[in-house]
Amino acid sequence: MLTAKERQGRRLRAVLDAILHDVSARRDYGALADYIAPLGRIDPRKFGIAVATRDGRVFAAGDADEPFSIQSISKVFALTLALGKVGDALWERVGQEPSGNRFNSIVQLEYESGVPRNPFINAGAIVVCDVLLAGHEPKEALGETLRFLRFLADDGGVFIDSGVAVAEKAGGFRNVALANFMMACGNLLHPPELALGVYFHQCAVAMSCRQLALAGRYLAFGGVHPSTGRSVVSPQRARRVNALMLTCGHYDGSGDFAFHVGVPGKSGVGGGILAVIPGVASVAVWSPGLNEYGNSKFGTAALQSLTTEMNWSVFG
Ligand code: GLN
């Protein structure tokens, strides 16, 4: 007679194997984010997935141990740190509404006087980086983010890919425009190049699906880091970050993701997605090809299969 834990483990193993099998047969990968040169050179056939469950196990398949550029997934961790520093005062500088626009849209920012709609679009994340800079040199702010990620993932191997950071800076003209405009509106407290330096390097953090799934556990388990039992954030704050992930984590594709996948998620243009199944699991998936919203195409499809097969949803 199998225990519930053994049953869940077997089921999860079978579902992940089936997902890997399905993905391997597909060739319609989507587009690489070649506006950041090194991301345009990644093999689009790469695919990894990892699921960290409540009891401390990690189920993985494919290239789950290969580091990739987490890009905007870093915005979840930066937001967590910024809320720890300034609490709800953050919401005077960044909103909590879905933008309905692309992640690097400029037009809405002018209409809304330099206050970004949410912390997950680029403009909002640049404000969050400005908050992390308070009292710090950019290097120290980044060091703090990196230490936080290593702690969350129980893994000292998380690193910043400096080649990606350099490429981001070289081609980051839209982000420069967003930061300069917010400076003009008084919504940056540090020189734009400093906030951008933190932003570009945080987007260039490289992690594997396994590391990322482990790092996301505090969001799935009431704000607690399961391996140490330490509280990372209050349960209420974990819920709020999850709410923002659900409503804003996939930019103008957030409604689509909520409809098809049904759980909070945050994507990055490196092709990664972190998904949170509250009380059950933290999941990371990676497939570099992107859909029309700039979110991982197969990553989204894989999460849809996973949540459907496992009957996971925040909607009942
Ligand atoms: N670094 C990327 C950019 O600024 C992040 C975008 C993303 O992952 N959606 O364009």
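In listed order, ligands and their atoms are each counted from 1.
Looking at Ser208 and Asp65, their side chains never bring a donor and an acceptor atom within 3.5 Å of each other.
Two residues are said to be in side-chain contact when any heavy atoms from C-beta on lie closer than 4.5 Å; Phe298 and Arg45 fail this criterion. In this structure the side chain of Val58 never reaches within 4.5 angstrom of the side chain of Val51, judged on heavy atoms. Side-chain contact between Val283 and Cys209: absent, with no pair of heavy atoms (C-beta onward) separated by less than 4.5 Å.
Annotation for Arg240: atom CZ does not count as buried by contact number, only 12 or fewer foreign heavy atoms lying within 6.0 Å.
The residues lining ligand 1, counting any heavy atom closer than 4.0 Å, are Tyr35, Gln71, Ser72, Phe103, Asn122, Glu168, Asn175, Tyr199, Cys203, Tyr251, Gly268, Val269.
Take Gln108 and apply the side-chain contact (heavy atoms from CB on, under 4.5 Å) test, not counting sequence neighbours, and it matches Ser99, Asn101, Glu112, Arg117.
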